[in-house]
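Okay, structure first, notes after.
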There are 2 protein chains.
Amino acid sequence: MEKETAEILRKNHLSITDSRIKILELFKRKGNALAHADIEKQTHDLFDRVTIYRTLQTFAEKGIIHSIPTADNSVLYALCKDECSEGKHADNHVHFICDICETTYCLDHIMIPELQMPAGFKMKQAGLIVEGICKNCSAKK
Amino acid sequence: MEKETAEILRKNHLSITDSRIKILELFKRKGNALAHADIEKQTHDLFDRVTIYRTLQTFAEKGIIHSIPTADNSVLYALCKDECSEGKHADNHVHFICDICETTYCLDHIMIPELQMPAGFKMKQAGLIVEGICKNCSAKK
DNA sequence: AAATCTTTGCAACAAAGTTGCAAAATATAA
DNA sequence: TTATATTTTGCAACTTTGTTGCAAAGATTT
């Protein structure tokens with residue numbers, strides 16, 4: 001388990017440190033997107049605020065995680081699938097935000113359909129944010 | 001011109017004040033989405049920072065404007081079409097961000113196509129963020 | 001195991017957003 | 001129109017979020 005995680009870091013030419021291992025495993029354990037604040041809480045102030053910021057930044061640069069902008073002006077991060085790598089980042093997928101539990105999921109398997117743009121507008125990338133009720137919350141009813 | 005703007009405020013049961021008129025007209029004049037900072041600059045510090053925050057908040061609550069989350073963690077605001085009203089807000093439209101001039105447009109006329117959700121996920125609303133080159137910038141080449 | 005390079009934590013700072021409150025502006029009533 | 005009630009504004013203080021420089025600690029390389 002820790003070995004696997006370390007392997008990801010090695011592949012991306014990053015030193016293997018405590019904070020990187022712990023934060024990366026947190027992402028793996030939870031399946032959903034995490035905010036900076038979530039990580040701070042979940043790691044019980046084991047690491048400095050600044051370290052978490054820098055770790056997230058590094059991960060995002062390497063394409064290990066990607067950021068998801070949200071309506072309330074906070075950034076979430078989620079693990080990327082294998083396609084994402086440094087430089088070219090595949091953001092063409094769907095994010096789902098649950099109205100009830102507010103969890104954000106990264107729905108990797110759904111692709112964004114083709115779209116007709118107005119004259120003069122050239123589309124390069126697209127990100128879709130869906131709001132609704134997630135599988136956990138609809139099961140609870 | 002000012003009359004029309006005042007009418008919008010009246011319809012929404014808001015007192016007619018200088019800041020509200022000026023900020024609302026700014027949105028009308030520019031066609032695109034604006035950040036808090038843009039408004040501060042464009043009104044030449046005529047109003048306090050706090051007033052602008054509160055005005056935007058009020059407008060958003062009344063459905064006069066809507067907020068657009070962006071990748072760099074700043075919130076933009078844009079005028080709503082008539083369908084938007086307090087409570088139920090139609091966010092089912094497309095936002096276009098230009099790679100070159102960084103302007104954000106609200107493409108009201110394009111609808112988001114139907115989408116197959118994974119089992120258990122119920123979709124209520126969707127917002128699509130498209131990135132590319134806008135008509136101004138592709139014309140300049 | 002020593003030397004080199006990278007990462008971390010601290011402190012200080014900067015930017016963004018919020019809250020309480022008195023003064024000013026707007027709306028309502030007479 | 002004027003007086004009264006209500007709402008909004010601006011200020012100050014504060015909180016929250018994110019950034020930067022730098023010395024110490026940790027990881028990597030030889």
Side-chain angles (χ1 to χ4, degrees), chain A residues 2-3 5-26 33-62 64-77 86 102, chain B residues 2-3 5-26 33-62 64-77 86 102:
Chain A
E2 286 225 355
K3 281 248 170 144
T5 308
E7 190 51 35
I8 295 174
L9 295 176
R10 200 170 295 116
K11 264 186 205 158
N12 285 283
H13 311 287
L14 292 173
S15 323
I16 292 155
T17 68
D18 233 48
S19 50
R20 285 175 183 165
I21 292 278
K22 288 271 161 57
I23 292 173
L24 195 43
E25 297 216 312
L26 185 63
L34 298 171
H36 178 274
D38 296 329
I39 296 165
E40 221 172 324
K41 267 178 230 149
Q42 304 267 356
T43 55
H44 304 98
D45 300 300
L46 198 58
F47 311 110
D48 192 84
R49 247 158 35 86
V50 180
T51 303
I52 298 174
Y53 279 116
R54 290 198 268 225
T55 304
L56 291 173
Q57 212 172 281
T58 312
F59 283 179
E61 275 164 16
K62 294 291 183 181
I64 298 170
I65 59 176
H66 64 273
S67 67
I68 309 169
T70 65
D72 67 328
N73 199 16
S74 67
V75 178
L76 295 175
Y77 294 89
E86 199 160 2
E102 304 215 303
Chain B
E2 286 226 354
K3 281 247 170 147
T5 309
E7 189 52 35
I8 294 173
L9 296 175
R10 200 170 296 118
K11 263 187 204 156
N12 284 283
H13 310 288
L14 292 173
S15 320
I16 293 156
T17 68
D18 233 50
S19 51
R20 285 175 184 165
I21 292 276
K22 289 270 161 56
I23 292 173
L24 195 42
E25 298 217 310
L26 185 63
L34 298 171
H36 177 274
D38 295 330
I39 297 165
E40 221 173 323
K41 268 178 229 147
Q42 304 268 356
T43 53
H44 305 97
D45 299 300
L46 197 57
F47 311 110
D48 193 83
R49 246 160 35 86
V50 180
T51 302
I52 297 175
Y53 279 117
R54 289 198 268 225
T55 304
L56 291 172
Q57 213 172 280
T58 312
F59 283 179
E61 275 164 16
K62 294 291 182 179
I64 299 170
I65 60 175
H66 63 273
S67 68
I68 308 169
T70 64
D72 67 329
N73 198 18
S74 68
V75 178
L76 295 176
Y77 294 91
E86 198 161 2
E102 304 215 304

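All of these numbers come straight from a predicted model, not from anything done at the bench. Naming: A, B, ... by sequence-line order, numbering from 1 per chain.
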Please tabulate, for the side chains in residues 41-52 of chain A, all donor-acceptor contacts under 3.5 angstrom to protein atoms that are two or more places apart in sequence or on a different chain.
residue : atom : partner : partner atom : Å
A/Thr43 : OG1  : A/Ile39 : O            : 2.7
A/Thr43 : OG1  : A/Glu40 : O            : 3.3
A/His44 : ND1  : A/Gln42 : O            : 3.3
A/Asp48 : OD2  : A/Val50 : N            : 2.9

Legend entry - Distance-minimising heavy-atom pair for B/Ala33 and B/Ile68: CB-CD1, 3.8 Å
Inset, instruction - Using five base pairs at each end, measure the axis-to-axis angle across the helix from C/dA1-D/dT30 to C/dA30-D/dT1 and round it to 10 degrees. - result: 40°
Legend entry - Between D/dT9 (C1') and B/Ile52 (CD1): distance, integer Å: 12 Å
Inset, instruction - Can you tell me the distance, in whole Å, between the CG atom of B/Leu46 and the P atom of D/dT8? - result: 18 Å
Legend entry - salt bridge (charged side-chain N to carboxylate O under 4.0 Å, His left out) against B/Asp18, all qualifying residues, sequence neighbours excluded: B/Lys22
Legend entry - d(CD1, B/Ile39; C1', D/dT9) in whole Å: 17 Å
Inset, instruction - Would you mind reading off the distance between B/Asp45 atom CG and D/dG10 atom C1', rounded to a whole angstrom? - result: 13 Å
Legend entry - Set of residues satisfying side-chain hydrogen bond (donor to acceptor under 3.5 Å, both in side chains) with respect to A/Thr17, sequence neighbours excluded: A/Ser19
Legend entry - Atom pair distance, as rounded to whole Å: NZ in A/Lys22 and P in C/dT7: 18 Å
Inset, instruction - Whole angstrom is fine here: how far is it from CG in B/Asp48 over to C1' in C/dG17? - result: 12 Å
Legend entry - side-chain hydrogen bond (donor to acceptor under 3.5 Å, both in side chains) partners for A/Thr58, two or more places apart: none
Legend entry - Protein proximity profile, nucleotides 18-30 of chain D - base contact B, sugar-phosphate-only contact S, no contact -, cut-off 4.0 Å on heavy atoms: BBBB-----SS--
Inset, instruction - Check whether any side-chain heavy atom of B/Tyr77 lies under 4.5 Å from a side-chain heavy atom of B/His36, and answer yes or no. - result: no
Legend entry - A/Arg54: salt bridge (charged side-chain N to carboxylate O under 4.0 Å, His left out) partners, not counting sequence neighbours: none
Inset, instruction - For the pair B/Val75 and B/Leu56, evaluate side-chain contact (heavy atoms from CB on, under 4.5 Å) and give the outcome as yes or no after the intermediate values. - result: CA-CA 11 Å; B/Val75 178; B/Leu56 291 172; over 6 Å; no
Legend entry - side-chain contact (heavy atoms from CB on, under 4.5 Å) partners of A/Ala35, counting only residues at least two apart: A/Asp38, A/Leu76
Inset, instruction - Return the value, rounded to whole Å, for the distance between atom CZ of B/Arg10 and atom P of C/dT28. - result: 10 Å
Inset, instruction - Let me know the distance between CD1 of A/Ile21 and C1' of C/dT8, rounded to the nearest Å. - result: 16 Å
